[in-house]
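All values below were derived from every heavy atom in this structure, side-chain atoms included, with hydrogens, water molecules and symmetry-related copies excluded. What you see is a predicted model; the values in this text were computed from it and never measured.
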Amino acid sequence: MTSHDSQTPLASEAPPAPPAPETAPDPASLAPGPASPAAVAQGLVDLLDLEQIDEAVFEGYSNPQPGGHVFGGQVMGQAISAMVRTVPAGRRIHSSYSYFLAPGAPDVPIRFAVEQLRDGGSFSARRVLATQETDDGAERTILSMTSSFQEAQDGLEHEERAPDAPDPEGLATTAQVLEGIDHPVAQYWATQRPIDIRHVTDPIYIRPDGSASATQMVWMRMIAPIDAPGGVHDAILAFASDYTPFEPILRRQGLSWVTPGLRVATIDHAIWWHRHVDLNEWLLYVQRSPSAAGGRGLTEGRMFDRSGALVATVIQEGMVRIKH
């Protein structure tokens with residue numbers, strides 16, 4: 001299981017695999033008892049439903065995570081949820097760029113202050129700072145995001161099509177992959193993650209990929225159906241996009257998520273929504289890592305819907321270190 005120290009950026013979520021004994025979190029820090037898939041899915045919707053405390057200021061909370069950190073995808077999803085509530089009706093997000101500036105404290109509310117940069121005839125631009133109060137009463141910024149929104153419009157169209165991939169229904173779920181591992185972290189990720197992720201390429205939760213390939217494909221969708229407006233599905237796409245970008249890097253290096261001393265943290269994360277989708281339906285997330293250098297790794301991702309249409313592009317750079 002990944003870990004980070006207080007000097008690294010906000011850690012991206014580690015996947016479902018039992019950590020080495022010396023890094024195992026206190027089981028008491030995890031959510032009490034397994035919830036049903038429907039309850040887990042609704043929990044994500046509730047997490048994205050922020051409280052408005054001023055005209056363009058919103059506040060949200062964090063779900064407990066193994067290791068006691070705040071999942072970067074959660075903060076991105078909440079930041080988008082805050083911005084959506086400040087743009088003219090009918091405008092949907094089409095791009096976002098996030099910098100993760102500091103680790104988040106899971107027991108402290110996160111405040112999202114939205115700045116209106118521009119409202120034009122078709123586009124709106126927003127910037128949001130996600131902050132938390134520190135022990136000494138100061139405000140610490142944990143994320144900065146700039147996004148653009150657009151009215152639905154007709155125009156020129158072309159797209160890359162999805163590569164061939166087996167249907168998700170025939171692939172193993174995380175619970176099936178981790179079946180028989182009696183560890184609270186493994187059980188948490190097998191049963192309490194709101195996104196159903198099924199690897200086309202063999203998972204590297206516990207064992208490395210011997211092929212040294214820098215590519216992978218996963219299917220993903222909500223763990224149970226939700227009834228939510230389009231803006232919530234846009235935020236959930238951002239949330240889900242942050243689960244697996246480190247995996248092509250680890251595959252290429254012959255590492256797994258339980259490699260001793262592994263530390264990863266998201267530095268920046270960009271998303272382009274080409275088409276808007278329903279996260280109740282399967283998306284194929286095709287990822288490759290073209291570079292790793294200087295303790296950083298880059299991953300490019302493309303998301304396709306079940307018909308093969310390209311719906312989103314994701315690029316992430318993250319810190320990747322092996323502490324000996």
Side-chain angles (χ1 to χ4, degrees), residues 6 9-13 42-65 68-120 122-151 194 226 228-242 265-271 273 276 279:
S6 61
L10 178 66
S12 182
E13 180 172 325
Q42 185 58 45
L44 175 56
V45 176
D46 294 342
L47 195 71
L48 298 173
D49 185 14
L50 306 178
E51 178 185 359
Q52 186 166 1
I53 59 176
D54 205 340
E55 181 178 359
V57 181
F58 305 85
E59 194 169 84
Y61 62 92
S62 299
N63 275 346
Q65 299 289 325
H69 65 263
V70 177
F71 175 37
Q74 170 206 304
V75 186
M76 287 194 296
Q78 290 173 320
I80 290 169
S81 295
M83 289 187 286
V84 164
R85 291 166 65 173
T86 72
V87 299
R91 298 190 179 188
R92 299 278 295 271
I93 192 168
H94 71 87
S95 66
S96 74
Y97 195 95
S98 301
Y99 270 112
F100 292 88
L101 303 175
D107 56 345
V108 178
I110 305 173
R111 182 163 293 190
F112 298 88
V114 181
E115 179 184 359
Q116 177 180 326
L117 300 179
R118 183 177 186 271
D119 282 325
S122 302
F123 292 86
S124 294
R126 296 291 186 269
R127 179 166 54 214
V128 62
L129 294 181
T131 63
Q132 289 184 306
E133 186 173 345
T134 61
D135 291 340
D136 60 3
E139 288 288 317
R140 178 175 61 178
T141 302
I142 65 173
L143 175 135
S144 172
M145 176 187 283
T146 303
S147 299
S148 182
F149 298 76
Q150 181 189 13
E151 292 181 353
I226 59 168
V232 173
H233 286 269
D234 294 339
I236 292 174
L237 185 145
F239 176 96
S241 73
D242 196 35
T266 303
I267 298 171
D268 52 8
H269 190 104
I271 309 173
W273 286 255
H276 296 283
L279 266 293

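Contact record, Gln132 with Pro109: CG-O, 3.5 Å, taken as the closest heavy-atom pair. Between Val75 and Phe112, the closest heavy-atom pair is O-CE2, 3.8 Å. For the residue pair His233 and Leu279, the shortest heavy atom distance occurs at ND1-N, 2.9 Å. The two residues Tyr97 and Asp268 make their nearest non-hydrogen contact at OH-OD2, 2.7 Å. Considering every non-hydrogen atom in both Ser124 and Pro88, the closest pair reads OG-CD, 3.5 Å. Between His94 and Ser148, the shortest heavy-atom distance links the atoms NE2-OG, 2.7 Å.
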Open item on the list: Quick one, Thr141 with Glu139, criterion side chain to side chain contact (heavy atoms under 4.5 Å, CB included). Give me CA distance, side-chain angles, the key distance, then yes/no.
Closed with: CA-CA 7 Å; Thr141 302; Glu139 288 288 317; over 6 Å; no
- [ ] Take Ile93 and Ile271, measure what side chain to side chain contact (heavy atoms under 4.5 Å, CB included) needs, and give me the verdict at the end.
- [x] CA-CA 10 Å; Ile93 192 168; Ile271 309 173; over 6 Å; no
TODO: Would you sort out whether Asn63 and Leu47 count as a side chain to side chain contact (heavy atoms under 4.5 Å, CB included), showing the intermediate values?
DONE: CA-CA 8 Å; Asn63 275 346; Leu47 195 71; 3.8 Å; yes
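Under the 3.5 Å distance criterion, the side-chain polar atoms of Arg85 are matched with a main-chain donor or acceptor of Leu50. At distances below 3.5 Å, at least one donor-acceptor pair connects side-chain atoms of Gln52 with backbone N or O atoms of Asp54.
A heavy-atom distance below 4.5 Å is not found between the side chains of Val114 and Glu55. Side-chain contact check for Met76 versus Leu143: some heavy-atom pair is nearer than 4.5 Å. Proximity of Phe71 to Thr266: side-chain heavy atoms (C-beta onward) are nowhere separated by under 4.5 Å. Arg126 has its side chain within reach of Gln116: a pair of non-hydrogen atoms, C-beta onward, lies under 4.5 Å apart. Residues Ile226 and Leu44 form no side-chain contact, since every pair of their non-hydrogen atoms from C-beta on lies 4.5 Å or further apart. Between Phe239 and Pro194 there is a side-chain heavy-atom pair separated by less than 4.5 Å.
Judged purely by distance below 3.5 Å, without hydrogens or angles, the side chains of Ser98 and His269 never pair a donor atom with an acceptor atom. If you check the side chains of Gln74 and Ser62, you find a donor sitting under 3.5 Å from an acceptor.
Distance check: Arg92 CZ to Gln150 CD gives 12.0 Å after rounding to the nearest 0.5 Å. For the atom pair CG (Asp119) and CZ (Phe149), the distance works out to 10.5 Å, reported to the nearest 0.5 Å. Separation of atoms CD (Glu115) and OG1 (Thr86) is listed at 10.5 Å; rounding is to 0.5 Å. Summarising the geometry, atom OG1 belonging to Thr131 is positioned 8.0 Å from atom CD1 belonging to Ile142; distances are rounded to the nearest 0.5 Å. For the atom pair Thr146 OG1 and Leu129 CG, the distance stands at 8.5 Å (nearest 0.5 Å). Remark: Arg127 CZ to Leu117 CG distance equals 5.0 Å, nearest 0.5 Å.
Within 6.0 Å of OH on Tyr99 lie no more than 12 heavy atoms contributed by other residues, nucleotides or ligands.
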